[in-house]
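Here's the structure we're looking at; comments come further down.
FYI, side chains are in, hydrogens and waters are out, and symmetry mates aren't considered; it's all heavy atoms of this structure.
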Amino acid sequence: MLDGFERNINYLRISVTDRCNFRCVYCMPPQGKKWLEHADILTYEELLRLITVFSGEGVNKIRLTGGEPLVRKGLTEFIAAIKGLGRIRDISLTTNGSLLPPLAAGLKAAGLDRVNISLDTVNPASFARLTTCGRLEDTMKGIESAMAAGLSPVKLNVVLTDALSPRDLAYFVALVYNHPIAVRFIEYMPIGGEGSNRGPDVEKVRRLLSEVGGAKLNPSGTVRGNGPAKYYQFPKAKGAFGFITPISDHFCSACNRLRLTADGKLRPCLLSKEEIDIKTPLRGGASDRELARLFYAAVAAKPEGHTLCRASGFPDFGRSMSQIGG
Ligand code: SAM
Ligand code: SF4
């Protein structure tokens with residue numbers, strides 16, 4: 001469905017939980033966090049109904065996120081049920097990877113197409129500091145299990161923080177030379193937590209990668225599931241680097257997504273507080289037509305763009321990233 005700015009809204013990012021086994025400093029506030037009650041979270045049956053209705057309005061791509069989606073029980077069966085609808089052409093997952101090893105093969109068999117795994121640094125101490133309670137080796141095992149299961153292409157999400165070191169860049173360069181993996185650097189967004197300093201800007205990272213890789217990074221074609229990232233490649237490398245720049249060079253004019261929070265709010269834009277409650281009508285007996293009308297309302301409410309820049313500080317977005325579904 002086209003919005004008022006000629007953008008085709010066909011992509012739904014669903015947060016299946018606000019809970020997480022990590023507490024990344026840029027994503028969650030450091031102080032004690034109150035999780036949503038189970039009763040407030042949309043059930044898988046409710047989510048399937050919404051996916052069915054929205055797919056009738058043109059949604060054909062779904063990403064499951066959170067919080068950490070793999071902490072929610074039954075996710076594999078849920079993915080199989082989405083696949084079983086026969087209406088979604090691309091199902092992907094964003095995860096911190098730590099719980100993936102025993103699940104990866106089953107997720108693939110259930111119909112999961114692709115996975116994005118967050119890995120900001122390969123220094124165990126920096127990783128522990130950024131994630132507060134994560135262990136680097138668990139995420140590394142998760143990445144290996146995703147590749148072994150054929151969840152292709154595996155993409156890594158690297159938030160640009162002050163933890164990014166020359167050793168990290170050398171690791172990522174070797175990785176993309178040798179594996180068909182996409183390593184995507186994401187600008188630190190002022191939403192969620194303020195527990196780390198922003199890292200280098202993307203121009204600097206691109207220059208450092210060229211120095212470490214000993215070759216020029218050339219703009220490259222698309223990587224499956226191509227979203228807002230701009231991709232670059234070294235000649236002869238199997239993988240690619242992506243740069244996601246929501247702040248310095250935002251991609252709002254190509255934004256094709258809506259978000260659904262775990263507690264049933266449609267969020268037209270990550271960087272705007274506006275939300276449309278769909279859980280109350282859903283639980284109150286709304287017809288498919290009424291639910292579709294709320295989908296139209298969320299599409300119509302998508303702003304043309306956001307106005308954040310590096311100097312914006314940390315505005316109030318109503319929720320942390322882990323509560324919205326990054
Ligand atoms: N727990 C999963 C994970 O970490 O991949 C999925 C949820 S997490 C909120 C989704 C993505 O948002 C991750 O790649 C994470 O690094 C990114 N993210 C969280 N807070 C961010 C921030 N302040 N700026 C940029 N990216 C952020
Ligand atoms: Fe959890 Fe992902 Fe947020 Fe880290 S980025 S706290 S892993 S939801």
Side-chain angles (χ1 to χ4, degrees), residues 24-27 92 94 96-97 114-123 126-127 130 136 139-140 143 147 152-192 196-256 270-271 305-312 321 326:
C24 299
V25 291
Y26 47 68
C27 179
S92 58
T94 302
N96 64 37
R114 303 180 292 114
V115 70
N116 290 8
I117 301 177
S118 302
L119 174 72
D120 303 328
T121 171
V122 291
N123 177 308
S126 304
F127 187 92
L130 281 182
L136 175 67
T139 291
M140 294 304 244
I143 295 169
M147 290 200 281
S152 176
V154 171
K155 295 182 183 173
L156 301 188
N157 286 351
V158 185
V159 177
L160 287 169
T161 70
D162 58 358
L164 190 74
S165 72
R167 269 201 63 214
D168 293 324
L169 295 179
Y171 173 84
F172 291 131
V173 165
L175 200 65
V176 301
Y177 263 114
N178 298 316
H179 298 280
I181 214 167
V183 176
R184 298 124 44 87
F185 296 96
I186 305 175
E187 283 177 345
Y188 190 143
M189 285 180 269
I191 179 168
S196 178
N197 291 320
R198 294 170 190 181
D201 61 44
V202 291
E203 285 307 326
K204 181 166 180 195
V205 174
R206 222 172 359 243
R207 187 167 46 72
L208 291 173
L209 288 170
S210 283
E211 280 173 27
V212 176
K216 191 169 176 287
L217 272 172
N218 301 313
S220 100
T222 57
V223 170
R224 183 169 175 204
N226 207 19
K230 287 191 183 128
Y231 283 99
Y232 291 78
Q233 230 172 352
F234 286 126
K236 302 202 180 114
K238 291 186 178 158
F241 286 111
F243 295 88
I244 302 180
T245 53
I247 306 297
S248 67
D249 182 16
H250 71 69
F251 33 81
C252 303
S253 65
C255 182
N256 61 347
L270 173 65
L271 298 175
H306 71 77
T307 52
L308 281 187
C309 60
R310 256 173 106 95
S312 297
M321 188 74 118

May I have all residue pairs that pass salt bridge (charged side-chain N to carboxylate O under 4.0 Å, His left out) and include part of residues 228-240, sequence neighbours excluded?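 Output for this query lists Lys230-Asp249.
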For residues 203-214, pull every pair meeting salt bridge (charged side-chain N to carboxylate O under 4.0 Å, His left out), keeping only residues two or more places apart or in separate chains.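 Passing the test, one end in residues 203-214: Glu203-Arg206, Arg207-Glu211.
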Any side-chain heavy-atom pair from [X] and [Y] closer than 4.5 angstrom?
X: Leu119; Y: Val183; result: no
X: Ile244; Y: Phe251; result: yes
X: Val176; Y: Gln233; result: no
X: Tyr231; Y: Arg184; result: yes
X: Ser220; Y: Tyr232; result: no
X: Asp120; Y: Leu164; result: no
X: Val205; Y: Phe241; result: no
X: Leu156; Y: Phe172; result: yes

Once rounded to the nearest 0.5 Å, what's the spacing between atom [atom1] of [X] and atom [atom2] of [Y]?
X: Ile247; Y: Leu160; atom1: CD1; atom2: CG; value: 11.5 Å
X: Thr94; Y: Asn116; atom1: OG1; atom2: CG; value: 4.5 Å
X: Ile181; Y: Lys155; atom1: CD1; atom2: NZ; value: 11.5 Å
X: Cys27; Y: Met321; atom1: SG; atom2: CE; value: 6.5 Å
X: Asp162; Y: Ser126; atom1: CG; atom2: OG; value: 8.5 Å
X: Leu136; Y: Thr121; atom1: CG; atom2: OG1; value: 7.5 Å

Under the side-chain contact (heavy atoms from CB on, under 4.5 Å) criterion, do Leu217 and Phe234 qualify, and how do the steps go? CA-CA 5 Å; Leu217 272 172; Phe234 286 126; 3.7 Å; yes
Quick check against the 3.5 Å criterion: does Thr139 have a side-chain atom that pairs as donor or acceptor with the backbone of Asn96?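 Present.
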Would you call the rings of His306 and His250 parallel, tilted or perpendicular, where under 30° means parallel and over 60° means perpendicular?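 The rings of His306 and His250 sit tilted, inter-plane angle from 30° to 60°.
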Under the rule for side-chain hydrogen bond (donor to acceptor under 3.5 Å, both in side chains), what residues qualify as partners of Asn218, not counting sequence neighbours?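 Scan of Asn218 (side-chain hydrogen bond (donor to acceptor under 3.5 Å, both in side chains), adjacent residues dropped) gives none.
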Mind listing the closest non-hydrogen atom pair of [X] and [Y] along with its distance?
X: Tyr177; Y: Gly213; answer: OH-O, 3.4 Å
X: Gly242; Y: Ala229; answer: CA-CB, 4.3 Å
X: Ile117; Y: Gly97; answer: CG2-CA, 4.0 Å

Stepwise side-chain contact (heavy atoms from CB on, under 4.5 Å) check, Leu270 with Met189: CA-CA 10 Å; Leu270 173 65; Met189 285 180 269; 3.8 Å; yes
